[in-house]
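Sequential numbering from 1 along the given sequence is applied to the chain's residues. All values reported here derive from a predicted model rather than from experimental measurement.
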Amino acid sequence: MAGRVEAIFITTEAGAPMRALVEARAVAGSGLAGDRYQTGQGYYSTRPLPGGGRQLTLIEVEVLEALRGETGIDLGPSEARRNLTTRGVRLNDLVGERFTVGDVLCEGIRLCEPCHYLEELTGKAVNAPLVHRGGLRAAILTDGTIHVGDPVRPAAGHAAASPAEGRA
C-alpha cells in the first residue's frame, strides 16, 4: 500500500488561493510551515477538532478523477484545499494508523469530509459526491521536509496512540 505525493499546497490565510510547492517543512504538532492552520489563520482555526487533525490534510488524486468521471465536476488539486494530493494509497485506510510521508511520521486522525465552505469557495457542488472520500486529516508527529514524489506508506514499527494516550 505505498503511494506517493503528487502535489503540495499551502496558503497563508482563509479563502486565499492555495500555492503549489515542490517541498514543505512539516512541523511536529503544528502543521506545514506557513500554512494557514499552522499559523492559526485558517477558516476553522477558532473551532478546535477533538483529537486534532488540522495539521496536515491529504486527498487522493484518484478521487478527484472519479469526481470528474462520475459527475462532470472538475475539482483541481489546489481547489480541494488539502495540503497533499496523493496517488496510489487509500487514505481512508490510514484513519487511526501511523504512516510516513517521505521521512515524516504522521498519524491519520479522521476523514476530511467536504464542507459548505469548500462549495462556497469553488462554486462547485462537491459536498455530496465527496462524502467519505474527501481525504484524511492527520497529525504530524516528527519534523521533516515533504517533497513532491515522496512515498506515502504505513509506518513500520510505529503503533498508533491509543485513545487513552490522548491525541492532540
Side-chain angles (χ1 to χ4, degrees), residues 1-10 18 20-21 23-24 26-32 35 37-38 42 44 48-71 73-115 117-119 126-168:
M1 183 203 62
R4 71 177 182 275
V5 175
E6 290 270 305
I8 303 170
F9 300 98
I10 67 168
M18 300 292 281
L21 304 174
E23 66 179 32
V27 181
S30 183
L32 295 184
D35 185 61
Y37 286 106
Q38 193 259 341
Y44 292 107
L49 285 172
R54 289 204 176 100
Q55 295 171 20
L56 184 66
T57 56
L58 306 89
I59 192 165
E60 301 167 34
V61 73
E62 293 90 344
V63 166
L64 300 177
E65 293 167 350
L67 177 68
R68 185 179 322 109
E70 295 164 8
T71 67
I73 298 171
D74 187 13
L75 186 70
S78 68
E79 289 180 293
R81 304 197 63 79
R82 307 299 188 248
N83 299 124
L84 303 181
T85 304
T86 64
R87 181 178 294 280
V89 60
R90 290 188 41 81
L91 297 174
N92 286 16
D93 294 346
L94 296 177
V95 173
E97 300 295 327
R98 289 193 175 179
F99 61 98
T100 58
V101 180
D103 64 354
V104 176
L105 181 63
C106 302
E107 184 173 346
I109 302 298
R110 65 173 43 86
L111 296 182
C112 190
E113 297 291 6
C115 63
Y117 183 58
L118 180 61
E119 285 190 338
V126 296
N127 270 8
L130 288 181
V131 168
H132 304 316
R133 58 185 193 163
L136 176 69
R137 295 186 180 282
I140 299 172
L141 303 179
T142 61
D143 291 344
T145 302
I146 297 173
H147 305 86
V148 170
D150 275 352
V152 179
R153 62 179 71 140
H158 292 281
S162 71
E165 292 177 53
R167 297 180 195 149

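- With contacts defined as side-chain heavy-atom distances shorter than 4.5 Å, the pair Cys112/Ile59 does not qualify.
- Residues Val104 and Ala26 approach most closely at CG1-CB, 3.9 Å, considering heavy atoms.
- Here the CG atom belonging to Leu91 is positioned 7.5 Å from the CZ atom belonging to Phe99, to the nearest 0.5 angstrom.
- For the residue pair Leu64 and Ala80, the shortest heavy atom distance occurs at CD2-CB, 4.4 Å.
- Residues satisfying the salt bridge (Lys or Arg N to Asp or Glu O under 4.0 Å) criterion with Glu119, sequence neighbours excluded, are absent altogether.
- Nearest heavy-atom pair across Cys106 and Val101 is SG-CG2, 4.2 Å.
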Less than 3.5 Å apart, which donor and acceptor atoms pair up between the side chains of residues 138-146 and the rest of the protein, not counting sequence neighbours?
unit_1: Thr142; atom_1: OG1; unit_2: Leu105; atom_2: N; d: 2.9
unit_1: Asp143; atom_1: OD1; unit_2: Ala28; atom_2: N; d: 2.7

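- A salt bridge links Glu65 and Arg87; the closest N-O separation between the charged side-chain nitrogens and carboxylate oxygens is under 4.0 Å.
- For the residue pair Met18 and Phe9, the shortest heavy atom distance occurs at CE-CB, 3.6 Å.
- Between the side chain of Arg82 and the main chain of Gly134, a donor-acceptor pair closer than 3.5 Å is present.
- Smallest separation of non-hydrogen atoms from Ala66 and Arg133: CB-NH1, 4.0 Å.
- Of the possible polar contacts, none joining the Asp74 side chain to the Arg68 backbone as a donor-acceptor pair under 3.5 Å is found.
- For the atom pair CG of Leu75 and CZ of Arg81, the computed distance is 11.0 Å after rounding to the nearest 0.5 Å.
- Rounded to the nearest 0.5 angstrom, Asn92 CG and Leu111 CG are separated by 4.5 Å.
- The side-chain heavy atoms of Leu136 and Thr86, taken from C-beta on, include no pair separated by under 4.5 Å.
- Atom CG in Leu56 sits 12.5 Å away from atom CD in Glu107 (nearest 0.5 Å).
- Of all the heavy atoms in Leu21 and Ala24, the pair that sits closest is CD1-CB, 4.0 Å.
- For the side-chain contact (heavy atoms from CB on, under 4.5 Å) criterion with Thr85, the lone passing option out of Val5, Leu58, Ile8, Val61 is Val61.
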